[in-house]
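Notes follow the structure.
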2 protein chains.
Amino acid sequence: MLDEDVKTQARSHTKCASCPVRHRAVCARANSDELTLLDSVKFYKTYQAGQTIALRGDPLEVLSSVVSGTATLSQSMEDGRTQIVGLLLPSDFIGRPGRDTVAHDVTAVTEVTLCCFRRKPFENLLVNMPHVQVRLLEMTLDDLDAARDWMLLLGRKTAREKIASFLLLIAHRSVANAEKTLANEVRIELPLSRETMATYLGLTIETVSRQFTALRKDGLISLDGTRSVFVPDVAALAAEVGDGE
Amino acid sequence: MLDEDVKTQARSHTKCASCPVRHRAVCARANSDELTLLDSVKFYKTYQAGQTIALRGDPLEVLSSVVSGTATLSQSMEDGRTQIVGLLLPSDFIGRPGRDTVAHDVTAVTEVTLCCFRRKPFENLLVNMPHVQVRLLEMTLDDLDAARDWMLLLGRKTAREKIASFLLLIAHRSVANAEKTLANEVRIELPLSRETMATYLGLTIETVSRQFTALRKDGLISLDGTRSVFVPDVAALAAEVGDGE
DNA sequence: CGACCGCTTTGACAGAGGTCAAATGAGGTT
DNA sequence: AACCTCATTTGACCTCTGTCAAAGCGGTCG
């Protein structure tokens, strides 16, 4: 994990106190003692858009939290078919204490900054950081719920429902810091290209594009450029996802 | 969770020492102190095939391990479309410490016996059972990996690949107790009906049935009745799943 | 033994989404 | 402004899987 090509990386330290994900990441409920421990061993690392962060099967030497940017977890078949199995947005955790191999490919889709910990020291510190331990289990359970929700999407939803679900997912996650409820109209900045969305939604790029066009023609969204989506009526879009919420 | 309709249930105690899942379940690495704790609070509960064990949104009052039988975790949409998001086989854990609501519908597909713990007492004991705590995180991570593997199957695999993957999954899980490697030929007893398989694989029952027929015509499997599958050449079937393993 | 019931298989057909190919558009660069 | 590149959109067509319907099969129960 985390190759050593220094040309494309940057390292630096930032005080946890001023960290943008301080209250949502694995350290969310750490007390000041725990925070001091973490602060002493962490280091930052930045990856450029498109860069591979880790490959399945690599020795797992570094665990990290996403501080800024977007990355994906993906799984591929021999013939190249690929499915994104997780979106990594700021505050998400990468890697598993207790595992010694990377389970899925990790790729930066925008410039990504990670707050990294070497695995062994982190595991050793963990016994002295009960709040971090609990938070880690909690985040893992959240990831599991998210994965299972996505299974319903992949197995049963139509292309239109998939796109609507995705737009609302991004809308929710991007306001997660601020208010928890969505306004009646929202502007969404998509962190993913059409192709990456397709890989996440179990579709092809053409189908994604056609569904964007269809939603636009139906007045459910309007586009400003290709990455900026305006939703004039969130409830109307939510009615397209098919399930209760 | 765990409704109180006594007509369809049975309760009893069994010593952990003689438990068939003692070395694979959440108690796998419990020491004798921890085991004594668990033993003192656990109780067994049996559900009939087809019975609902818990529904999404129910208050989560009981956590449990599957001792025998097969159950499913599933998620449904308003219009009835349903996706099974997890198979629960012996040794699997149901429920999440720290959550107060059931996240997915749980249904018995065969007669199922659970080893149950009331949630609050279990959570309190957990701080005194570090080995159980670690095992729980480990099992949750395994579940997460399994869910993500399934996302690849649901999003990208063809019907034939899905069936082949499923057969090999069941083959592996049913010998998990004994040897870890699969012989070159295997007999598989399916715990699921065609319909339940379809719900798990993101297919319809007709497609599942057609793929069984196709695999049989291609000599990759033979059927004895409808639930017993003989695989004469495991490697040949494995070549049909599409991915590395 | 024969009727019945639920599960499974098979058939005919339709449609959603994939494939292949070309056109359009949006950013950069010179 | 003209050009280049790459992402996106659109079009035409095809195929896999879903839908609807009927037939087959295996138990069970009178």
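Everything numeric here is computed off the predicted structure, so don't read it as measured data.
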Next item on the list: Quantify the bending of the helix from dC1(C)-dG30(D) to dT30(C)-dA1(D) as the angle between its end axes, each fitted on five pairs, to 10°.
Entry: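 Result, rounded to 10 degrees: 30°.
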Item checked: Contacts of Asp145(A) that satisfy salt bridge (charged side-chain N to carboxylate O under 4.0 Å, His left out) - sequence neighbours left out -> Arg96(B), Arg99(B)
Note to self: Please enumerate all residues that pass salt bridge (charged side-chain N to carboxylate O under 4.0 Å, His left out) together with Lys162(A), with sequence neighbours excluded.
What the structure shows: none
Notebook entry, point to check: So what does Thr213(A) hit on the nucleic acid, given a heavy-atom distance under 4.0 Å: a base, only sugar-phosphate, or nothing?
Noted result: sugar-phosphate
Checklist line | Qualifying ring-ring contact (aromatic ring centres under 6.0 Å, His included) pairs, either residue in residues 68-95 of chain B, two or more places apart | finding: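 Every pair satisfying ring-ring contact (aromatic ring centres under 6.0 Å, His included) with a residue in residues 68-95 of chain B: there are none.
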Next item on the list: Without swapping roles, check the side chain of Thr110(A) against the backbone of Gly69(A) for a donor-acceptor pair under 3.5 Å.
Entry: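 Flag not set: sc Thr110(A) to bb Gly69(A) has no pair under 3.5 Å.
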Next item on the list: Mark yes or no for whether Trp150(B), through its side chain, and Tyr200(B), through its backbone, hold a donor-acceptor pair below 3.5 Å.
Entry: yes
Item checked: Most 5' of Ser193(A) and Arg156(A) on DNA chain D, judged by nearest nucleotide ->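 The residue mapped nearer the 5' terminus is Ser193(A).
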Margin query: I need the Cys116(B) SG to Glu61(B) CD distance, nearest 0.5 Å.
Written below: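 The distance works out to 12.5 Å.
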Notebook entry, point to check: Rounded to the nearest 0.5 Å, how far does CD of Gln75(B) lie from CG of Leu152(A)?
Noted result: 5.5 Å
Whole Å only: how far is the [atom1] atom of [X] from the [atom2] atom of [N]?
X: Leu192(B); N: dT8(C); atom1: CG; atom2: P; answer: 10 Å
X: Arg81(A); N: dG18(C); atom1: CZ; atom2: C1'; answer: 12 Å
X: Arg194(A); N: dT9(D); atom1: CZ; atom2: C1'; answer: 9 Å
X: Leu154(B); N: dT17(D); atom1: CG; atom2: C1'; answer: 15 Å
X: Arg216(A); N: dT9(D); atom1: CZ; atom2: P; answer: 8 Å
X: Lys217(A); N: dT9(D); atom1: NZ; atom2: C1'; answer: 10 Å
X: Met197(B); N: dT17(D); atom1: CE; atom2: P; answer: 17 Å

Notebook entry, point to check: Applying salt bridge (charged side-chain N to carboxylate O under 4.0 Å, His left out), which residue pairs with at least one partner in residues 79-90 of chain A are found, sequence neighbours left out?
Noted result: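 Sorted pair list: Asp79(A)-Arg81(A), Arg81(A)-Glu161(B).
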Next item on the list: Sequence neighbours left out, what pairs pass salt bridge (charged side-chain N to carboxylate O under 4.0 Å, His left out) with at least one residue falling in residues 198-226 of chain A?
Entry: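 Every pair satisfying salt bridge (charged side-chain N to carboxylate O under 4.0 Å, His left out) with a residue in residues 198-226 of chain A: Arg160(A)-Asp218(A).
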Check: Looking at residues 199-207 of chain A, who's got a heavy atom less than 4.0 Å off DNA chain D?
Finding: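 Those residues are Glu206(A).
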Next item on the list: Using heavy atoms and a sub-4.0 Å distance, could you list which residues of residues 157-170 of chain B are near DNA chain D? By number, please.
Entry: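 Those residues whose heavy atoms fall under 4.0 Å from DNA chain D, taken from residues 157-170 of chain B in numerical order, are Thr158(B), Ala159(B).
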Next item on the list: Output all residues satisfying side chain to side chain contact (heavy atoms under 4.5 Å, CB included) with Ser68(B), sequence neighbours left out; order by chain, then residue number.
Entry: Thr113(B)
Next item on the list: Apply side chain to side chain contact (heavy atoms under 4.5 Å, CB included) to Asn184(B) and list each qualifying residue two or more places apart in sequence or on a separate chain.
Entry: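 By the side chain to side chain contact (heavy atoms under 4.5 Å, CB included) rule, Asn184(B) matches Asp233(B).
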Check: So with a 6.0 Å cut-off around CD of Glu195(A), is the heavy-atom count from everything else above 12?
Finding: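 Counting other residues, nucleotides and ligands, CD of Glu195(A) stays at 12 neighbours or fewer.
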Distances under 3.5 Å between nitrogen or oxygen atoms of protein and nucleotides 12-14 of chain D:
unit_1, atom_1, unit_2, atom_2, d
dA12(D), N6, Arg210(A), NH2, 3.4

Note to self: Taking side chain to side chain contact (heavy atoms under 4.5 Å, CB included) as the criterion, tell me which of Val241(B), Val231(B), Ile221(B) meets it with Leu167(B).
What the structure shows: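 Option passing the side chain to side chain contact (heavy atoms under 4.5 Å, CB included) with Leu167(B): Ile221(B).
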Note to self: Near DNA chain C, counting only heavy atoms under 4.0 Å, which residues of residues 219-230 of chain A show up?
What the structure shows: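 Residues of residues 219-230 of chain A that come under 4.0 Å of DNA chain C do not exist, since none gets that close.
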Next item on the list: Decide yes or no for Arg194(A) and Thr226(A): does some side-chain heavy atom of the first lie under 4.5 Å from some side-chain heavy atom of the second?
Entry: yes
Next item on the list: Evaluate the side-chain proximity of Leu87(A) to Ile170(A): yes if any heavy-atom separation is below 4.5 Å, no if none is.
Entry: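 Of all side-chain heavy-atom pairs linking Leu87(A) with Ile170(A), at least one is under 4.5 Å.
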Next item on the list: Scan side-chain atoms only and decide if Lys45(B) and Ser64(B) contain a donor-acceptor pair under the 3.5 Å cut-off.
Entry: no
